[in-house]
Amino acid sequence: MPDPEFPPSPLPRSFFARDSRTVARELLGRELVHDSAEGILIARIVETEAYGDERDSACHVARGRTPRNEVLYGPPGHAYVYLVYGLHELLNVVTECDGLPGAVLLRAIVPVHGKAAMVARRNGRAGRELGNGPGKLSQALGITRAAFNRADLCSGRGLWFAAGTPAAAGEIRTGPRVGIDYADPVDRDAPWRFLLRPGQQ
DNA sequence: TAGCGGATTGGCT
DNA sequence: GCCAATCCGCTAG
């Protein structure tokens, strides 16, 4: 008899219709589920970053609306996947209400189910290197722009988030976001990075 | 329409 | 610790 909780059901759109920092914090310990060609892949989210509106000079909407970032202005719970350095695909989930831009970048995961398939996608890297970076987790789970940019992540088909085991406040550390030296100092130094403390992952 | 540089990664010194 | 890889969105002209 099949387990009614497998694969786990998706988090509702209302979860993402909140402040980006709240969503980033509350995604820690949750699960990312990909119904892939190799079967169901499930990973626990252990690091995120929040990106704000046009006032956030680190965010892709800092210079206004463009074809690339348009999805960030749309309804929450959709995917924003983009290419950096010509090589790596980074996964974000759109936050805030329809019309207000915002997103959370997924920065690190640990495998929960389907680890062998993730290791294979990562060319044999099975330890921390499996998913301790935004480009690495996309590769491990098989997330690409072509497949998921602008996709709805609340449908329970393809790619979605699940309840998992939310992190307690004492398990969470914060710090400045990574790789945004180009941003204004106030944004560069803002503690909008959230991660589970070592040992809590 | 040319040029710049990036929300990164992995290999080499 | 340094640096190449490798696209493409964005800005300036």
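The sequence lines fix the lettering, A, B, ..., with proteins before strands; numbering per chain opens at 1. Computed from a predicted structure; not experimentally measured. Below, each value reflects all heavy atoms present in this structure, side chains not excepted, and no hydrogens, waters or symmetry copies.
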#### Entry: Nucleotide nearest A:Leu90 when distance is taken to its side chain, options C:dA5, B:dT8, B:dT9
B:dT8
### Message
With a 4.0 Å cut-off on N to O distance, would you call A:Asp152 and A:Arg13 a salt bridge?
### Response
yes
### Message
Measuring from the side chain of A:Pro134 (C-beta onward, heavy atoms only), which nucleotide among B:dG6, C:dC10, B:dT9 has the closest atom?
### Response
B:dT9
### Task
Please tell me which of the listed nucleotides, B:dA7, B:dG10, B:dT8, lies nearest to the side chain of A:Tyr85?
B:dT8
### Task
Would you mind classifying the nucleic acid contact of A:Ala183 as base, sugar-phosphate or nothing, using non-hydrogen atoms under 4.0 angstrom?
nothing
### Query
What is the distance, rounded to the nearest whole Å, between atom CZ of A:Arg177 and atom C1' of B:dG6?
15 Å
### Task
Evaluate whether the aromatic ring of A:Tyr182 and the six-membered ring of the B:dG6 base sit under 5.5 Å apart, centre to centre, with an inclination under 30°.
no
### Query
Would you say A:Arg125 reaches B:dG11's phosphate, i.e. side-chain N/O to OP1/OP2 under 4.0 Å?
yes
### Message
What is the distance, to the nearest angstrom, from the CG atom on A:Leu83 to the C1' atom on B:dG6?
### Response
10 Å
### Query
Does the side chain of A:Glu49 reach to within under 4.5 Å of the side chain of A:Val104, using non-hydrogen atoms?
no
### Message
Would A:Arg177 and A:Tyr51 count as a cation-pi pair here, with the cationic atom under 6.0 angstrom from the ring centre and within 45° of the axis?
### Response
yes
### Query
With rounding to whole Å, what would you report as the distance between C:dA4 and B:dC4 at their P atoms?
16 Å
### Message
Would you measure the distance from the C1' atom in B:dG5 across to the matching atom in C:dC3 and give it in whole Å?
### Response
15 Å
#### Entry: Closest to the A:Val84 side chain, choosing from C:dC10, B:dT8, B:dG10
B:dT8
### Task
Looking at every strand, decide which applies to A:Arg68 at a 4.0 Å heavy-atom threshold: base, sugar-phosphate, or nothing.
sugar-phosphate
### Message
What contact category does A:Arg122 fall into here, base, sugar-phosphate, or nothing, at under 4.0 angstrom with non-hydrogen atoms?
### Response
sugar-phosphate
#### Entry: Nearest-Å distance for atom pair CG/P, residues A:Asp181 and B:dG5
14 Å
### Message
Check for me whether A:Arg18 meets the cation-pi criterion with A:Phe15, that is, NZ or CZ under 6.0 Å from the six-membered ring centre and within 45 degrees of the ring axis.
### Response
yes
### Query
Partner of C:dT6 by Watson-Crick or G-U wobble geometry, both contacts under 3.5 Å, or none?
none
## Note on the structure
pair_partner(B:dA7), Watson-Crick or wobble, both distances < 3.5 Å, evaluates to none
### Summary
In whole angstroms, the gap separating P of B:dA7 from CZ of A:Phe194 amounts to 19 Å
### Task
Have a look at A:Ile180 and say if it touches a base, only the backbone sugar-phosphate, or nothing, with a 4.0 Å heavy-atom cut-off.
sugar-phosphate
### Query
If you check every side-chain atom of A:Asn69, which of C:dC10, C:dA5, B:dA7 has the closest atom?
C:dC10
### Message
Could you tell me how far apart A:Leu87 (CG) and C:dG9 (P) are, to the nearest whole angstrom?
### Response
15 Å
### Task
Specify the separation, in whole Å, of atom OH of A:Tyr80 and atom C1' of C:dC8.
12 Å
### Query
Between A:Arg65 and A:Glu70, is there a salt bridge with N-O shorter than 4.0 Å?
yes
#### Entry: Presence of A:His60 side-chain N/O under 4.0 Å of B:dA7 phosphate oxygens OP1/OP2
yes
### Message
So that I can tick it off, tell me whether A:Arg63 and A:Glu54 are bridged by a salt bridge, with the cut-off set at under 4.0 angstrom between side-chain N and carboxylate O.
### Response
no
## Note on the structure
Side-chain atoms of A:Pro67 come closest, of C:dC10, C:dA5, B:dG11, to C:dC10
### A:Arg145 and A:Glu89 ion-paired at < 4.0 Å
yes
### Query
For A:His88 and B:dT8, what is the distance between atoms NE2 and P respectively, to the nearest whole Å?
9 Å
### Task
Give a yes/no answer on whether the side chain of A:Thr66 brings an N or O atom under 4.0 Å of OP1 or OP2 in C:dC10.
yes
### Task
Give one of base, sugar-phosphate or nothing for A:Arg145, where a contact means two heavy atoms less than 4.0 Å apart.
sugar-phosphate
### Task
Calculate the interatomic distance between A:Leu105 atom CG and B:dG6 atom P; express it in whole Å.
16 Å
